[in-house]
Amino acid sequence: MGDRPRLLMCRPEHFSVEYVINPWMEGQIHKSSRETAAEQWARLHEVLGAHADIELIDPQEGLPDMVFTANAGLVARSKAVPARFFHPERRAEEAYFAQWFADHEFTVAELPRDVPFEGAGDAFIDADRACLWAAYGSRTELTAHPHLAELCDIEVVSLRLIDSRFYHLDTCFSLPGNGMVMYFPGAFDAESRHRIEARVPPEKRILVEEADAMQFACNAVTVGDRVVMNHAGKDLEAALRRAGLEAVETPLTEFIKAGGAAKCLTLELDPAVPAGTSASHSVTSREVAMEGHLLDQGLLERALDISVRAGGTFHVLQFDLGRQQQSHSRALLAISAPSREQLELIMPQLIELGALSRPEAPRTRLEPAPQAGVAPEDFYATTIYPTEVNLDDEWIPVRNQRMDAVIVADADRKAAHCKLFRNLEAGELVVCGSEGIRTTRRQQRGANKKDEFEFMGAGVSSERRVELVVERVAWEMRRIRQRGGKIVVVGGPVVIHTGASGHLAWLIRNGYVQVLLGGNAIAVHDIEQAFYGTSLGVDLEQGRPVREGHRNHLAAINRIRGHGGIFAAVEDGALTGGIMYECVRNGVPFCLAGSIRDDGPLPDTRMDLIEAQREHAELVAGADMILMLSSMLHSIGVGNMTPAGVTLVCVDINPAVVTKLMDRGSLESTGVVTDVGLFLSLLVRQLQSAAGDGD
Ligand code: ARG
């Protein structure tokens with residue numbers, strides 16, 4: 001090896017676009033000209049040949065992409081790791097490239113069979129930073145990276161490609177020389193950009209614009225101080241010049257039709273590898289087991305999707321398909337992520353789907369709370385789903401299930417329960433990490449399906465749909481009332497503004513509401529209406545503002561204050577109708593949680609929010625159904641303290657509110673986008689007609 005680099009190329013005798021395996025090839029089948037391609041290739045060969053020694057591999061008929069020798073493999077210290085192509089279309093190239101390496105005094109080191117790796121197209125040895133930059137997310141599989149680290153004795157830095165146009169690392173990243181790194185940031189996810197930034201100081205970065213990247217500017221080969229590429233924009237040229245490098249353009253448009261350019265057409269055979277490096281990488285893998293209606297309920301698909309979206313990859317190690325509608329399927333997956341931290345972000349989401357991390361040794365890790373009200377850093381955050389933890393080889397159900405809490409084990413490790421941070425005592429044992437934790441969700445296919453109904457999802461509801469939903473809600477409410485169950489209503493003041501307070505009062509009076517939750521406002525407007533017939537000064541009969549009406553709600557608050565509270569006002573015979581009146585008369589407990597915008601407030605309103613949250617949680621416990629009526633804040637608050645299994649019905653005119661609530665919801669959630677006044681009047685009519693209830 002002299003000063004001149006040695007490059008491997010392949011004449012484009014059989015080059016053409018014959019299939020589509022990347023977005024550049026779309027619409028280009030048989031559209032490239034072999035003549036022009038030959039000219040462009042010859043010109044590139046000439047430009048490079050002036051400064052490099054070029055070796056050639058024989059082209060093969062039927063292998064049109066073999067010209068892209070960058071994908072032949074990765075070469076380091078006279079060792080060659082041949083590619084394992086992702087797409088079957090290119091797999092026949094592997095043997096020719098491997099043979100060429102063997103014939104040219106390379107030691108051929110093979111990767112395991114089923115691990116895709118596309119050679120120098122996806123991996124760059126960086127002598128300046130003594131590392132190997134390796135891509136995943138498109139062609140090369142993340143789990144190839146640990147093998148590359150071992151085979152090349154070098155630290156591997158994993159970069160995730162997220163834009164299908166930039167499907168190989170060499171389409172969006174290159175090392176043009178003089179310690180520079182040139183790349184198109186948009187092709188990488190945020191973690192990968194941070195990994196680049198952590199190793200390359202700003203003055204060594206050349207950020208390539210999308211327009212240049214689209215012309216394969218990153219797909220460059222450096223010979224000496226000349227950076228050879230299809231095209232470089234003015235700014236890129238200038239940036240290279242400032243770095244002491246010269247951009248040399250040579251047109252490669254025919255090859256771009258196949259998704260490749262200068263760099264793809266060459267393989268560097270003697271890349272400089274720093275001495276004394278040793279193998280390292282941060283790829284972390286974990287086995288995860290899932291069981292249930294994995295296909296019917298879409299659980300497997302969601303698990304795989306979650307892993308990939310969060311920057312990980314998966315490998316299905318085992319899958320036993322349940323053959324009948326009622327039978328369960330079982331899957332064993334290996335989930336990999338570029339770092340332990342990233343894996344730990346994926347795991348809780350899989351646990352929420354019912355997956356079990358490290359099924360062979362499900363051991364829950366407990367760490368003491370470092371101080372009162374503070375959890376250990378890697379605490380496990382709870383979900384709405386019933387959860388179990390494995391303490392001393394026994395699965396223990398977690399009590400008081402709710403989301404956004406931590407799990408605390410008793411000192412004797414025989415019981416566990418959900419606890420909010422603020423209630424933690426120093427030294428209490430908190431469940432950490434993601435092992436030895438499992439959740440169960442309701443299985444949709446199965447024995448007790450017949451008496452449940454699902455009308456899932458949020459969305460704008462048509463009139464007919466609203467009617468259908470109301471029918472079913474009424475049906476379930478009747479059943480709950482019959483068996484002495486518990487219906488919780490969370491309401492906002494809109495219930496009154498829309499003229500529906502009479503309907504809600506009817507529901508309370510007739511035993512369809514066991515708890516009322518809300519803020520100061522629903523009570524104030526209800527009482528204003530009871531006293532003055534207005535809601536925020538608007539006459540609800542006439543629909544117009546009344547004179548001096550704006551002070552009515554203050555006057556209502558004032559009067560209740562005069563009595564000392566809502567109960568006293570009812571007892572004193574001052575408050576004689578409305579929602580709050582019915583609650584008092586029918587012994588329905590309520591809790592009004594205050595906020596900073598509250599007028600008054602009413603003496604009954606809990607301005608100590610921690611107290612209000614505690615009371616809400618107490619009142620919600622054991623609910624069968626929660627009706628959320630046009631109150632985003634209170635509904636979300638209540639949703640967080642509700643375990644799965646409770647039917648949630650969320651009604652709001654604003655689709656965004658319904659979507660937001662349903663997002664955190666469970667299978668049992670129903671979103672209805674409609675006017676809450678209309679909903680309540682339909683509901684009352686349904687209940688009256690079916691049960692013969694009068695007023
Ligand atoms: N059509 C080829 C493929 O999709 C183009 C390969 C380009 N090579 C590269 N190193 N980017 O595999």
Side-chain angles (χ1 to χ4, degrees), residues 7-10 12 14-32 34 37 40-41 44 48 57 59-60 62-75 80-94 96-97 116-125 132-141 144 159 161 163-175 182-184 187-188 208 212-222 228-231 252-269 271:
L7 303 174
L8 176 67
M9 293 181 73
C10 176
H14 304 292
F15 171 72
S16 131
V17 181
E18 286 175 13
Y19 44 73
V20 177
I21 56 172
N22 69 51
W24 304 91
M25 299 173 102
E26 268 162 39
Q28 299 292 359
I29 289 189
H30 300 149
K31 296 249 172 80
S32 61
R34 202 158 275 171
Q40 293 183 337
W41 188 91
L44 175 70
L48 295 174
I57 181 171
Q60 300 295 326
L63 297 178
D65 274 336
M66 201 171 156
V67 283
F68 299 116
T69 51
N71 302 121
L74 177 67
V75 186
V81 185
R84 297 245 181 263
F85 283 97
F86 181 87
H87 291 290
E89 286 86 341
R90 292 194 66 183
R91 284 190 198 141
E93 296 174 38
E94 291 170 12
Y96 294 102
F97 285 130
F117 167 59
E118 298 208 349
D122 265 344
F124 285 80
I125 296 174
L132 179 80
W133 301 97
Y136 76 101
S138 171
R139 300 286 184 87
T140 296
E141 160 59 33
L159 300 177
L161 300 176
D163 181 330
S164 62
R165 297 170 303 172
F166 303 102
Y167 61 94
H168 273 144
L169 187 58
D170 66 5
T171 60
C172 50
F173 181 99
S174 77
L175 304 171
M182 133 177 156
Y183 65 108
F184 168 55
F188 301 93
V208 177
D212 282 339
M214 294 283 286
Q215 303 232 46
F216 281 71
C218 296
N219 202 252
V221 194
T222 300
V228 181
M229 53 176 78
N230 172 63
H231 172 79
L252 292 163
T253 49
E254 289 316 297
F255 297 99
I256 288 178
K257 292 175 183 169
K263 166 68 201 310
C264 302
L265 292 164
T266 61
L267 175 69
E268 198 175 352
L269 291 171

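In each ligand, atom 1 is the first atom listed, and ligand 1 is the first ligand listed. Every value quoted in this text rests on a predicted model; they were computed, and no experiment measured them. Numbers here are sequence positions counted from 1.
- At least one heavy atom of Arg139 sits closer than 4.0 Å to an atom of ligand 1.
- Tyr183 and Trp133 have their aromatic ring centers separated by at least 6.0 angstrom.
- At a threshold of 4.5 Å between non-hydrogen side-chain atoms, the residues Asn219 and Cys264 count as touching.
- Within ligand 1, counting atoms from 1 as listed, the ones closer than 4.0 Å to a heavy atom of Ile21 are 3 (C), 4 (O), 12 (O).
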Stepwise side chain to side chain contact (heavy atoms under 4.5 Å, CB included) check, Met182 with Met229: CA-CA 13 Å; Met182 133 177 156; Met229 53 176 78; 3.8 Å; yes

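- From the protein, the heavy atom lying nearest to atom 10 (N) of ligand 1 is Asp170 OD2, 2.6 Å.
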Stepwise side chain to side chain donor-acceptor pair (under 3.5 Å) test for His168 and Glu118: CA-CA 8 Å; His168 273 144; Glu118 298 208 349; 2.6 Å; yes

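- Not a single N or O atom of Thr171, backbone or side chain, sits closer than 3.5 Å to an N or O atom of ligand 1.
- Annotation for Thr266 and Met9: closest pair CG2-CG, 3.9 Å, computed over non-hydrogen atoms.
- If you look at Trp24 next to ligand 1, there are no close heavy atoms at all, none under 4.0 Å.
- At the shortest separation from atom 2 (C) of ligand 1 among protein heavy atoms lies Asp65 OD2, 3.3 Å.
- Comparing heavy-atom distances from atom 6 (C) of ligand 1 across Arg90, Gln28, Met25, Glu118 singles out Arg90 as nearest.
- Among protein heavy atoms, the minimum distance from atom 9 (C) of ligand 1 is reached at Cys264 SG, 2.7 Å.
- No donor-acceptor contact under 3.5 angstrom links the side chains of Tyr136 and Asp122, judged on distance only.
- Between the side chain of Tyr167 and the backbone N or O of Gly259 there is at least one donor-acceptor pair closer than 3.5 Å.
- Ring centroid separation for the pair Phe255 and Phe15 comes in under the 6.0 Å cut-off.
- Atoms of ligand 1 lying under 4.0 Å from any heavy atom of Gly259, numbered from 1 in the order shown and given with element: 7 (C).
- By heavy-atom distance, the residue among Ser138, Gly260, Ala258 lying nearest atom 1 (N) of ligand 1 is Ala258.
- Close approach of ligand 1 to Gly121 (heavy-atom distance below 4.0 Å) involves ligand atoms 10 (N).
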